[in-house]
Amino acid sequence: MSEFTKGKWIIDRDGSAIFSDSEDCYVTELSPANSDEQVAANARLITAAPEMYELLYEALQELKGYDPIGNGISTIYPYIEELLARIDGKEV
């Protein structure tokens, strides 16, 4: 599993950086060169990243081998595995 900064990621008060609440550390800075709306949208996406990673990982574990009626659910497995591998820094 990925070694990214754990915990809930939160946007600081002035909206210029993102921190981890559990590890009490800086995650990234947001670019003020973008519009306020774009900075806010990027911040929401970035702060959701750890939760998205965990959800994808758990979904992959739950769905592996599950395609009881041949409805094609299993066709998404390789894409999820590849995405998680890229996030984990593995060559794909």
Side-chain angles (χ1 to χ4, degrees):
M1 188 174 282
S2 187
E3 294 300 319
F4 60 82
T5 304
K6 303 298 185 224
K8 182 178 180 182
W9 291 3
I10 54 176
I11 305 165
D12 70 351
R13 291 178 193 229
D14 68 1
S16 65
I18 295 175
F19 294 86
S20 167
D21 70 343
S22 67
E23 293 192 16
D24 196 29
C25 68
Y26 170 84
V27 175
T28 193
E29 188 173 324
L30 299 166
S31 172
N34 299 327
S35 69
D36 289 346
E37 294 83 13
Q38 195 172 33
V39 169
N42 290 343
R44 288 190 303 271
L45 179 62
I46 293 167
T47 57
E51 187 176 355
M52 288 189 293
Y53 179 91
E54 296 294 333
L55 184 59
L56 277 173
Y57 183 82
E58 289 175 21
L60 186 63
Q61 303 313 307
E62 288 291 322
L63 294 174
K64 274 189 177 177
Y66 179 76
D67 199 3
I69 55 175
N71 60 9
I73 292 173
S74 63
T75 60
I76 199 167
Y77 301 156
Y79 299 107
I80 296 173
E81 286 177 324
E82 181 180 322
L83 178 58
L84 291 172
R86 286 187 5 233
I87 293 168
D88 288 338
K90 298 175 183 166
E91 194 169 318
V92 288

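For this chain, numbers begin at 1 and follow the sequence in order.
Ile11 and Arg44 get closest at one heavy-atom pair: CD1-N, 4.5 Å. Of all heavy-atom pairs between Thr5 and Cys25, the closest is CG2-SG, 3.4 Å. Closest heavy-atom contact between Ala43 and Leu30: CB-CD1, 3.6 Å. Here the closest non-hydrogen pair linking Ile46 and Pro50 is O-CD, 3.8 Å. Taking both residues in full, the closest heavy atoms of Val27 and Phe19 are given as CG2-C, 3.9 Å, listed atom of the first, atom of the second, then distance. Here the shortest heavy-atom pairing between Ser22 and Gly7 reads OG-CA, 2.9 Å.
For the atom pair Leu56 CG and Glu51 CD, the distance stands at 11.0 Å (nearest 0.5 Å). How far CG of Leu55 is from CG of Leu60: 11.0 Å, rounded to the nearest 0.5 Å. Taking CD1 of Ile80 as the reference point, atom CD of Gln61 lies at 10.0 Å (rounded to 0.5 Å). Between the CD atom in Glu62 and the OH atom in Tyr57 there is a gap of 11.5 Å [rounded to 0.5 Å].
With hydrogens and angles disregarded, no donor-acceptor distance shorter than 3.5 Å links the side chain of Thr47 to the backbone of Ile18. A donor-acceptor pair under 3.5 Å is formed between the side chain of Asp14 and the backbone N or O of Ser16.
For CD of Glu82, the number of neighbouring non-hydrogen atoms (other residues, nucleotides, ligands) closer than 6.0 Å is greater than 12.
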